[in-house]
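Sequence lines set the chain letters: A, B, ... in the order given, protein chains first and strands last, and positions in each chain run from 1. Only this structure's heavy atoms are used, side chains among them; waters, hydrogens and symmetry mates stay out.
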2 protein chains.
Amino acid sequence: MYTAWVNTSERLIESTRELLWERGYVGTSPKAIQQRAGAGQGSMYHHFAGKHELALTAIRRTADDMRARAEEQLSAPGTALERLTAYLLRERDVLKGCPIGRLTQDPDVMADPVLRAPVDETFVWLRGRLADILAEGRDRGELDAALDPAGTASAVVAVLQGGYVLARAADSAELFHTAVTGVLALLSSRTTP
Amino acid sequence: MYTAWVNTSERLIESTRELLWERGYVGTSPKAIQQRAGAGQGSMYHHFAGKHELALTAIRRTADDMRARAEEQLSAPGTALERLTAYLLRERDVLKGCPIGRLTQDPDVMADPVLRAPVDETFVWLRGRLADILAEGRDRGELDAALDPAGTASAVVAVLQGGYVLARAADSAELFHTAVTGVLALLSSRTTP
DNA sequence: GTCTATAATAAGATAGAC
DNA sequence: GTCTATCTTATTATAGAC
């Protein structure tokens with residue numbers, strides 16, 4: 001439960017973000033949100049129209065957050081492969097999984113175009129961003145000239161998302177690392193010496 | 001709703017399998033299972049102790065099924081890369097996602113060692129099976145001698161699982177194909193000519 | 001084996017007092 | 001803005017008749 005150094009609206013949003021991450025939309029009840037936020041029933045419905053609006057606010061914030069933190073590594077100095085590696089191997093809450101990716105498994109989120117949009121946009125952006133970096137690396141001669149930026153970017157993002165799945169299945173964060181290292185090894189072998 | 005050419009117990013199990021795939025454990029209610037199976041309340045509780053036992057039966061069957069269908073491609077004749085490619089590119093219900101992988105996002109499944117076991121075992125098996133095939137391909141000189149079978153197998157399984165995530169996020173089965181093709185391109189470039 | 005009560009608890013909100 | 005009351009509908013069963 002959040003303490004009172006932020007306002008109720010803020011605590012409700014942050015509680016929702018946590019619960020969506022831990023339990024998804026279907027698994028999160030208004031009551032659970034209120035309890036974690038230390039807010040009453042009436043308080044929640046004063047600030048938000050209901051579970052849906054609260055979730056939308058929470059998802060948008062998480063999406064923005066994810067993008068900003070990715071950009072930290074991706075816009076750092078270094079070669080394409082260095083920035084990509086830094087991004088893939090940065091510290092992550094591996095066993096909690098990806099707070100955006102997990103929403104793709106939520107039937108009520110996928111069925112709702114409004115809730116779904118930020119999820120879609122996040123991956124569109126990430127794939128595009130990685131493709132640009134890969135293309136840059138290829139054009140600078142750091143990577144194999146035959147490398148397909150878009151296809152490789154999709155594969156890399158998929159390894160991230162799938163790495164979370166494998167790690168959670170095995171209850172071992174190491175498996176995420178194994179998968180990521182595995183794809184980096186394949187990619188590095190296409191480096192032009 | 002299932003018609004009556006199979007018995008009630010069987011219809012309950014198959015309905016549960018479908019619902020777990022579509023909505024996960026948390027999102028599936030006993031009532032929904034009964035309705036899809038065309039079975040009454042009492043009927044369900046006669047055959048199964050409750051939602052948990054039914055889900056366990058359903059998950060185990062789905063896991064067995066998935067393994068058997070993977071083995072179809074993986075044990076076929078051909079080189080390591082051919083069998084791997086056949087497995088990765090076989091027909092799949094891409095937008096529905098992986099019925100086992102999606103369970104890793106279910107908090108109640110992951111919190112229960114009994115429900116979780118078949119999920120874990122399925123991925124342990126699949127990673128091992130792919131690693132064996134990759135090792136075989138490497139030892140036969142079909143793949144790069146420096147290739148790490150276990151790490152590459154994990155990356156490949158991760159691409160599959162992540163491919164489902166990307167496809168669902170974009171509501172486009174093609175994205176799954178893009179990711180899989182992307183990793184195959186990286187892998188093929190390590191073929192020894 | 002299947003059906004119809006019955007029931008305690010939770011989900012997801014609305015109403016109106018304070 | 002927050003709180004308590006109230007409401008309807010699910011959830012997840014159990015009990016016992018048929």
Side-chain angles (χ1 to χ4, degrees), chain A residues 1-59 103 105-112 114-115, chain B residues 1-59 103 105-112 114-115:
Chain A
M1 177 175 145
Y2 279 87
T3 42
W5 35 266
V6 282
N7 63 43
T8 302
S9 171
E10 196 59 29
R11 294 201 316 276
L12 284 164
I13 296 170
E14 291 301 318
S15 297
T16 304
R17 290 182 65 194
E18 293 180 359
L19 282 163
L20 286 181
W21 196 356
E22 295 167 17
R23 304 193 48 81
Y25 185 81
V26 160
T28 296
S29 70
K31 191 179 186 180
I33 294 171
Q34 293 152 27
Q35 287 177 338
R36 191 172 292 213
Q41 185 98 328
S43 200
M44 181 189 125
Y45 283 101
H46 169 74
H47 290 285
F48 299 93
K51 176 180 170 177
H52 183 273
E53 190 182 283
L54 195 37
L56 178 58
T57 308
I59 293 173
L103 296 175
Q105 303 303 323
D106 208 302
D108 290 5
V109 171
M110 289 298 99
D112 183 329
V114 175
L115 291 181
Chain B
M1 178 177 142
Y2 278 89
T3 41
W5 36 265
V6 283
N7 63 45
T8 302
S9 170
E10 195 60 26
R11 293 200 319 273
L12 285 165
I13 296 171
E14 290 301 318
S15 297
T16 305
R17 290 181 64 193
E18 291 180 2
L19 283 164
L20 287 180
W21 195 357
E22 294 167 17
R23 305 192 47 83
Y25 186 83
V26 160
T28 297
S29 70
K31 191 180 185 179
I33 294 171
Q34 293 152 26
Q35 286 177 338
R36 190 172 292 214
Q41 185 97 328
S43 199
M44 181 190 124
Y45 284 102
H46 168 74
H47 290 285
F48 299 93
K51 177 180 171 178
H52 182 274
E53 191 183 281
L54 196 37
L56 178 58
T57 307
I59 294 173
L103 297 175
Q105 302 303 325
D106 208 303
D108 291 5
V109 171
M110 289 298 100
D112 183 330
V114 174
L115 291 181

What I'd like to find out is whether the side chain of [X] reaches to under 4.5 Å of the side chain of [Y], using heavy atoms alone.
| X | Y | result |
| --- | --- | --- |
| Thr8(B) | Met44(B) | no |
| Thr16(B) | Thr57(B) | no |
| Tyr25(B) | Met110(B) | no |

- Under 4.0 Å between a Lys/Arg side-chain N and an Asp/Glu carboxylate O for Arg17(A) and Glu14(A)?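 Yes, this pair counts.
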Legend entry - Contact summary for Asp112(A) and His52(A), nearest pair of heavy atoms: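 Shortest heavy-atom separation between Asp112(A) and His52(A) comes out as OD2-NE2, 2.6 Å.
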May I have the distance from [X] (atom [atom1]) to [N] (atom [atom2]), rounded to whole angstrom?
| X | N | atom1 | atom2 | result |
| --- | --- | --- | --- | --- |
| His47(A) | dG12(C) | NE2 | P | 20 Å |
| Phe48(A) | dG12(C) | CZ | P | 17 Å |
| Leu12(B) | dT2(C) | CG | P | 9 Å |

Main chain of Leu19(B), side chain of Thr28(B): is a donor-acceptor contact present, judged purely on distance under 3.5 Å?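 It does hold such a pair.
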Taking only N and O in the side chain of Thr8(A), is any of them less than 4.0 Å away from OP1 or OP2 of dG1(D)?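 Result: no.
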For dC3(C), take OP1 and OP2 only and decide whether either is under 4.0 Å from a side-chain N or O of His46(B).
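Answer is no, no contact under 4.0 Å.
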Quick tally for nucleotides 4-18 of chain D: nucleotides whose base has a protein heavy atom under 4.0 Å get B, sugar-phosphate-only ones S, the rest -, giving B------SSBB----
